[in-house]
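All ligand and atom numbering here is 1-based and tracks the order in the structure. The basis for the numbers below is simple: all heavy atoms, side chains too, and nothing from hydrogens, waters or symmetry mates.
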Amino acid sequence: MEVQSTEETYIQSLFAERIGGKMFGKTRGEYKFEKIKRAKRAALAAHPGMELIDFGVGEPDEMAFPGVVQTLQREAVKPENRGYADNGIQEFKDAAARYLQNVYGVNGINPVTEVLHGIGSKPVLAMLPLAFINPGDVTLMTVPGYPVLGTHTCWYGGTVVNLPLLEKNGFLPDLDSIPVNVRKKAKLLYINYPNNPTGAGASRDFFEQVVRFAKKNGIIVVHDAAYAALSYGAKPLSFLSVNGAKDVGVEIHSLSKAYNMTGWRLAFVAGNERVIAGYGNVKDNCDSGQFKAIQKAGVHALDHPEITGEILAKYERRLRSMVEALAELGFSAKMPAGTFYLYVKMPKGIRQGKRFVSAEEFSEFLITEKLISTVPWDDAGPYVRLSATFETKGMADEQRVIEEFKKRMGGLQFEF
Ligand SMILES: Cc1ncc(COP(=O)(O)O)c(C=O)c1O
C-alpha cells in the first residue's frame, strides 16, 4: 500500500474499517506484490544495464490469437454491440456450455440458467461472498493461494479458515481435519486445481471426496478453474464432470490464462442454478456486463480450444527446461500437473555463509543479488514460485534466458 502524503482532512476519518479505517494509506501494508515491485525497481537501479530475469510474472507474455483479435475488431464496429450487456449475451453462455462439453466432457449444463459471465474470474470471486456471507459465516480457503474470495468474506463480517496445502498431501487440503464447529459455520469452500502457486492437480477421487464433504456439511464449493485448461500429460479435469458436483457448487473458468486474454476481462461461472442465480443478482447490482464485442471474441476463443493447445506446448517446453536447470542446481523441482508455475522449496542457505529464514528473504536475495525475480510463499512452508511466462525475443531466446538463470544461480552453491 502506498504511503500517501495528503493533508489531514475529514475524509481520512471516514474510511471503512475493512480497508484500515482512519489509518488507511498511513501504514505500509505488507502486500507482497507491492514489495516485489519495489525490490525489482531497486535492483534494476542498482545494476544498470543488467538483464532482469523475470520469473515473477503471473500472466501470459503474448498477445491473444489473431482469430480472437479479428473477431473483436469485426464486432466492435457493430451498432448492436454498443450497449450495456447486463448479465451477458446468450451466445457466450451457449459457447461456455459447449466448451465444458467439448473440452471437459461435462454434459447437461443448461446455458440459460446454469452459466453466467464475469468480467474476469476475480470479480466473480469477489461477488460470491456478497450472495452468501453473513457476519459470522466461515469460508474455507486453501493456502497458499489466490485470496480474493477470502478477502471479501472478511469484508462482509465473515471469517476465513485456512486449509494448508502441504507437499506430503500432494498439495490437496485435508478435509477430514476440519473441526466440526468450523464445518457447521462454513458456507463456502474455495479450491483451485491445477493450483496457483503449487502447480498441483486434483484427481477425480479428490473431487468426489469434495462433493461428499460438501453434501454432508451443507457447504457450497467454489472451484476456481482459472488454469484448468493448462494441464500437462493428462486430459484437463473439471469439477463439474464429477457426479453430484452441480448439487454442491460452481466452477469458474477464465479466458485470461488459457487464451492469453488477461486484459480482456472475460470469464464464466457454471454449475448450481441457485448459486448462479445469487451471483446474477449481485452482479446485476455491481456491473453492467462485459462489452458484447469482447464476449463475441470470447465465443470464438471457446470454440477454438486448440489455441490453448499451442499456448500449452510453449509453457511445457519452458517448464521442462526450467525443471532441468533447477534440478542441476540442487532444487527438488518437477513438472507441475498444470498452470505455468514451478513451486520449489527454498534452500536453507548458500555455502558462502548466508542462511534464509523465509521464502520472502530468499526471494529478496535473488532479486537484489542476482536480478532474478520470483514470488515467495511462506503460508505453508517456505517455497518460491517461478513462472514460465517470462518475456523473450522468440523461441530461440528461451533457452538463452534459462542458461543465463543457471549461470547466475550456479555460483551460489545452495544448501538444502
Ligand atoms: C488462481 C487464480 N484465480 C483467478 C485469477 C484471476 O483471473 P482473471 O484474470 O480471470 O480475473 C488468477 C489470476 O492470477 C489466479 O491465479
Between [X] and [Y] (salt bridge meaning N to carboxylate O under 4.0 Å), is one present in this structure?
X    : Y    : value
K185 : D137 : no
K246 : E114 : yes
K168 : D174 : no
K406 : E403 : yes
E398 : K314 : no

Between [X] and ligand 1, does any nitrogen or oxygen pair lie at a separation below 3.5 Å?
X    : answer
S254 : yes
K257 : yes
R265 : yes
Y227 : yes
Y341 : no

Quiz item: For atom 9 (O) of ligand 1, what's the nearest protein heavy atom and its distance?
Solution: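 Nearest protein contact, heavy atoms only, for atom 9 (O) of ligand 1 is S256 OG, 2.6 Å.
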Quiz item: So which protein heavy atom does atom 6 (C) of ligand 1 come closest to, and at what separation?
Solution: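 The protein heavy atom lying closest is Y146 OH, 3.3 Å.
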Ligand 1 atoms in contact with [X] (distance to a heavy atom under 4.0 Å):
X    : result
N192 : 1 (C)
G120 : 10 (O), 11 (O)
K122 : 11 (O)

Quiz item: Which atom names give the shortest non-hydrogen contact between N196 and W377, and what distance separates them?
Solution: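 Between these two residues, the closest heavy atoms are OD1-CZ2, 4.5 Å.
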Self-check item: Region of S121 engaging ligand 1 - heavy atom pairs below 4.0 Å
Solution: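 The answer is both.
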Quiz item: Hey, would you say the Y190 and Y146 ring centroids sit under 6.0 Å apart?
Solution: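 Judged by ring-centre distance (under 6.0 Å), Y190 and Y146 do not meet the cut-off.
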Quiz item: Would the Y193 and Y227 ring centres measure less than 6.0 Å apart?
Solution: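 Between Y193 and Y227, the centre distance exceeds or equals 6.0 Å.
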Quiz item: So is D224 in contact with ligand 1, going by heavy-atom distances below 4.0 Å?
Solution: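 Contact present.
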